[in-house]
Structure formats: C-alpha cells, structure tokens
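Only one structure is covered here, and it is reproduced in the block below.
Remember, predicted model here, so these are calculated numbers, not experimental data. Lettering of chains follows the sequences in order, A, B, ..., and the numbering in each one begins at 1.
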There are 2 protein chains.
Amino acid sequence: MGRGEPGHRSARVVVYEQLRRRIVSGELPPGAPLSENDLAAELSVSRTPVRESLILLADEDLVQVFPQLGSFVSRVDIRHVADAQFVREAIEIASLRDAADRLDAPALAALRDVLARQRAAGDDVEEFFRLDEEFHQMLLGVGGHAGAWRAVQSAKVHLDRARRLGLRTVSPVAPLVAQHTAVVDALAAGDPEAAETALREHLRAVFDDIERIRERSPELFTSEGTSRPARRNITVWR
Amino acid sequence: MGRGEPGHRSARVVVYEQLRRRIVSGELPPGAPLSENDLAAELSVSRTPVRESLILLADEDLVQVFPQLGSFVSRVDIRHVADAQFVREAIEIASLRDAADRLDAPALAALRDVLARQRAAGDDVEEFFRLDEEFHQMLLGVGGHAGAWRAVQSAKVHLDRARRLGLRTVSPVAPLVAQHTAVVDALAAGDPEAAETALREHLRAVFDDIERIRERSPELFTSEGTSRPARRNITVWR
DNA sequence: TACGATCCACTGCCATACAAGCACTACCAT
DNA sequence: ATGGTAGTGCTTGTATGGCAGTGGATCGTA
C-alpha cells in the first residue's frame with residue numbers, strides 16, 4: 001500500500017501507538033528506560049519515527065526525557081492523577097446534564113449493549129478497558145459532545161495506567177460495571193440528578209482505587225528523591 | 001550556555017513556541033503554508049526541530065499536515081471551537097465551585113490586581129490576552145486546580161485564535177474586563193451561584209463573539225470544499 | 001581499604017542525505 | 001483546439017552521521 005492511501009499508517013504512528021499501548025498496559029512500567037537506539041532496532045525502523053513518538057508521549061506526560069541522559073517511562077505523579085480526575089469528572093458530568101435531554105431509544109440500546117458485553121467480559125482486563133472506553137465515549141456522544149472525547153482521553157490515560165498497574169491485586173471489575181449500569185438506568189428513568197450522582201460516585205471509586213494502589217506499590221509513584229533516574233547496569237555481565 | 005543548563009531551551013522548544021505564538025496571534029493566518037524547508041531557513045535551524053514542532057502543533061490541531069503535499073495552518077473548525085468552549089466551560093465552572101470556599105485575602109488581592117491592570121491596558125490587545133491568561137489561570141489556582149490549566153489552555157488556544165482573527169473589527173475588550181470583575185465581586189461577596197452565572201455569561205460572550213467573526217470572515221473557517229489545499233504557483237514567473 | 005581523577009560507553013539533539021509521492025507545466029499527438 | 005503524458009520541482013517521511021554532555025566503571029594513590 002502506497003503512502004498516500006487513506007489506510008496508510010506512517011512508521012511514526014505505528015511506533016507511537018504501540019509504545020502508548022505498552023506504557024498504559026504496564027508492560028513498560030514506570031521508570032523503564034526507552035532508548036531511541038534500542039527501540040529503533042527492536043521495531044525495525046530508524047531513530048527518527050521513534051524519537052518523534054517519544055516527543056509526543058513526553059507531551060502527554062507518559063514519558064520523561066532527560067537530554068544526554070535518557071528517556072524513561074514516567075512515574076505516576078499522584079497530583080497529576082488528581083488533576084486528570086478533576087478534568088475528566090468536570091467534562092463528563094457537564095456532558096451528562098445534556099445527555100439527559102437527548103437520550104433516545106437507539107442510543108439507550110447501544111449503551112445497554114455495551115453493558116451486556118462488559119458483564120460477559122468477566123475478568124478479561126483488556127476487554128474491560130476496551131469497553132470502558134467505548135462506554136464513556138458513547139456517553140459523551142449522547143450528550144452531544146463527542147468532540148470532547150480527546151480531552152477526556154488525555155486525562156483518562158493517566159487514570160487507566162494507574163489502575164492497571166495494580167489491577168491484579170486490587171478490586172475486581174464487577175462493581176464498576178454495576179456503576180455503569182446505574183448511570184444508564186437513571187438516564188433511562190429520566191432522572192438526571194441520580195445519573196449525575198451515580199457517575200460521580202463511579203469516577204470517585206476509580207480514584208479511590210488508585211489511592212489504594214499507591215499505598216501498596218509506592219515505588220510506581222513519584223517521590224521527591226527519584227525524580228531524576230540514573231543509568232543502571234550498562235556493561236553486560238560476563 | 002550549555003545544553004544541560006536549566007535555562008537551556010532546545011531549538012525545538014524555541015521554534016515551537018514562536019510558531020504557536022504566530023499562529024494564535026493571526027500573523028500566520030489559517031491556510032498559510034508552512035514549508036519545513038522555508039521555516040528552517042528562516043529560523044536558521046535544520047528541518048528536524050521545525051518538523052518536530054509541526055508534529056506537536058498538528059497534535060493540537062493548529063496545523064494540518066498532508067504527506068507529500070504540504071503543511072498548513074489549520075482553518076478554524078467551528079465544531080472544534082464549540083467543543084473547546086464546552087471543555088473549557090466545564091472545567092472552569094467546576095473549579096469555580098471549589099474556589100468559592102477557598103478564596104482568601106491574598107488571592108482576592110491578586111485577582112483585583114490583574115483586573116486593575118486589565119483596565120489600564122486599554123486597547124493593547126497583546127497585553128489584554130496576557131492578562132486574560134493570567135486571570136483565568138489564577139482563578140483555577142484559587143479553586144485548587146492549577147494542574148488543570150494545561151487542559152484549559154489546550155482548549156482555550158482555539159478560542160483565542162478565533163477571537164484574535166477578527167478582534168480588530170469586532171467587539172472592544174472593556175465589557176470582557178467588566179465580566180471578569182463581576183466574577184470576582186460575586187466570589188468576594190460569598191455568592192458562588194452569582195459567580196458561576198457571571199463566569200458562564202463571560203465564556204458564552206466570548207463564544208458569541210466568535211460566531212459574529214465567522215459571519216464576517218467565513219474564509220477563515222473550514223468549509224467542505226477547502227479541506228485539502230493545493231499548491232499554487234510553483235514555477236517562478238519569467 | 002577508601003577515595004578521587006580519569007576514561008569511555010551511551011545518551012538525546014541537530015544536521016544532512018536519500019526515498020517516495022503529488023501538483024503543475026509543457027509538450028506532443030490527435 | 002484538445003486530450004493525454006512525460007518531465008520537473010516541490011513536498012513530507014525516513015535513515016544516518018556527528019556532536020556535546022552525562023555518569024558508571026576503572027584505575028591510581030594515600
């Protein structure tokens with residue numbers, strides 16, 4: 001496929017999406033070194049698209065770059081997560097108020113379909129997060145603010161990463177699906193107040209989860225002493 | 001100054017900030033071509049930092065890149081502006097609710113100082129926008145959500161650009177300062193309801209301004225036919 | 001053993017060269 | 001006059017080379 005084809009994805013986009021996915025999933029944990037050379041060799045591209053991807057990831061605070069030192073997966077800054085929580089809540093709640101008036105039968109059916117699939121997903125974490133994205137994006141669309149999804153996503157990515165880092169040891173996903181259901185039920189019942197309360201509780205529950213994770217695994221979060229990582233184990237063992 | 005010094009600003013950051021300023025100010029109008037080679041020559045750097053800056057600007061929808069065709073200052077998409085308006089309003093209003101409880105004497109004095117400087121600025125557009133940024137950022141800080149400023153800014157930049165494109169021909173800034181003052185007065189009076197109403201009216205007034213600008217200068221906004229610009233006048237006349 | 005000067009592998013930043021593709025011009029055949 | 005087509009100069013995308021800077025490893029000295 002030629003470069004001009006609509007389906008063409010440049011090497012930069014491919015690299016960016018893969019790195020982002022691996023960082024958010026926890027496969028590349030906070031503090032992991034991201035050498036331009038190593039990544040280029042691993043992904044069979046040159047340093048250029050790798051570097052451009054790292055710049056974009058640094059712009060959304062998923063990566064920290066120290067010139068002449070190295071690039072690293074950023075540690076989770078709890079203040080940054082709190083800010084993301086606030087932004088996300090503000091946008092989603094504001095949209096929900098509009099959604100109460102605009103909900104129609106097809107949209108309601110689509111929402112319920114996502115909920116059913118979430119219940120069916122069980123403990124498949126990957127699937128749950130895919131459907132979680134779909135649910136919240138759909139909810140924004142019902143409010144007539146699908147265009148605000150990018151802003152939500154740029155905040156949500158930090159919440160998702162923090163959750164996934166400790167998801168195995170902490171809460172199951174079933175209550176979250178129940179909270180989603182409560183929001184939709186309140187909307188369907190024409191009770192925007194209850195919907196707002198339910199959504200706010202849901203988002204707060206997510207944040208509380210993260211704070212529990214922080215207590216269990218403080219090494220994943222920033223602390224004043226570790227802000228500037230150093231290289232480790234450069235020479236090969238022999 | 002060495003590259004490692006704290007005050008060092010890489011060529012990429014310098015180029016990025018200059019291009020961003022020139023785009024938002026209208027010096028580089030919507031549709032203007034941004035050739036990587038030309039910009040590199042003009043700014044006395046190589047293509048690399050220019051290109052990396054364009055990627056960042058494209059990520060925030062200030063620039064559109066068409067592979068093998070060219071990069072252009074993006075036209076103003078009214079839907080995009082409406083989304084930005086919604087996001088900004090949601091965040092600032094949510095923060096204002098917290099600000100009502102947290103306002104103390106020093107913060108109030110700082111806010112009033114900015115208002116006084118805005119009144120003194122008169123018709124200096126550059127100064128007005130600087131102080132407008134300062135005011136809204138300060139208001140977020142009072143609410144305890146200074147970290148949300150980046151999210152607001154990434155939305156606000158599109159509103160600012162749209163306003164500046166037609167500011168000369170449309171409304172004066174004095175009413176905007178009066179609206180700012182109304183917000184602070186309501187906060188100081190301990191009336192969060194009135195403050196919210198005043199802020200919402202202020203933000204809506206800004207958006208109405210943009211719609212008036214659109215009626216006067218539709219060529220600055222997207223229309224279906226002009227989404228993909230073409231090159232013109234490649235060969236030199238002789 | 002403890003400590004300091006030096007070395008050097010490795011880093012990201014920038015400049016440059018090459019590759020692939022599109023738009024327009026100019027020309028040629030019909 | 002008109003339609004088709006090769007040529008040309010620009011575009012962005014990718015690869016690579018060179019540079020300044022960093023800090024762990026290493027060796028010399030007390």
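Between Asp132(A) and Lys156(A) there is a salt bridge, with a side-chain nitrogen of the basic residue lying less than 4.0 Å from a carboxylate oxygen of the acidic one. A salt bridge links Glu42(B) with Arg22(B): at least one charged nitrogen is closer than 4.0 Å to a carboxylate oxygen. Salt bridge Arg130(A)/Glu127(A): present, at least one basic N to carboxylate O contact under 4.0 Å.
Among the nucleotides dT12(D), dT16(C), dC22(C), the one closest to any side-chain atom of Ser46(B) is dT16(C). Which of dG12(C), dA15(D), dC22(C) sits closest to the side chain of Val65(A) comes down to dG12(C). Candidate nucleotides dT12(D), dA23(C), dT22(D) were compared by shortest atom distance to the side chain of Pro67(B), and dT12(D) ranks first. Of all nucleotides listed (dC22(C), dG13(D), dC13(C)), dC13(C) comes nearest to the side chain of Glu36(A).
Side-chain nitrogen and oxygen atoms of Asn37(B) include at least one within less than 4.0 Å of the OP1 or OP2 phosphate oxygen of dT11(D). For Ser71(B) and dT12(D), the shortest distance from a side-chain N or O to OP1 or OP2 is below 4.0 Å. Taking only side-chain nitrogens and oxygens, Thr48(A) never comes nearer than 4.0 Å to OP1 or OP2 of dA15(D).
Nearer the 5' end of DNA chain C, as judged by each residue's closest nucleotide, is the contact made by Glu52(B), out of Arg47(B) and Glu52(B).
Taking atom CZ of Arg9(B) as the reference point, atom C1' of dC13(C) lies 16 Å away to the nearest angstrom. Atom CG in Asp38(B) sits about 13 Å away from atom C1' in dG9(D), given to the nearest Å. Atoms CZ (Phe72(B)) and P (dC10(D)) sit 15 Å apart, rounded to a whole Å. Per the geometry, CG belonging to Leu39(A) stands 16 Å off P belonging to dC10(C), to the nearest Å. Rounded to whole angstrom, the span from the CG atom of Leu69(B) across to the P atom of dC24(C) amounts to 9 Å. Separating the CZ atom of Phe66(A) from the C1' atom of dT11(C) is a distance of 13 Å, rounded to the nearest angstrom.
Non-hydrogen atoms lying under 4.0 Å from DNA chain C are contributed by Ala11(B), Arg12(B), all within residues 11-19 of chain B.
With 3.5 Å as the limit, one finds no donor-acceptor pair spanning the side chains of Tyr16(B) and Arg12(B). With no hydrogens or angles considered, no side-chain donor-acceptor pair links Arg150(A) and Ser154(B) at under 3.5 Å.
When the options Leu96(A), Ile91(A), Asp98(A) are evaluated for a side-chain contact (heavy atoms from CB on, under 4.5 Å) with His145(A), the one that passes is Asp98(A). For the side-chain hydrogen bond (donor to acceptor under 3.5 Å, both in side chains) with Arg88(A), the qualifying choice from His158(A), Gln153(A), His136(A) is His136(A), the only one to do so.
Counting any heavy atom pair closer than 4.0 Å across all strands shown, Ile55(B) reaches no nucleic acid atom. Contact annotation for Ser10(B): backbone-only contact, meaning every heavy-atom pair under 4.0 Å involves sugar-phosphate atoms and none involves a base.
Scanning atom types as modelled, one donor and one acceptor separated by under 3.5 angstrom connect the side chain of Gln68(A) and the base of dG12(C).
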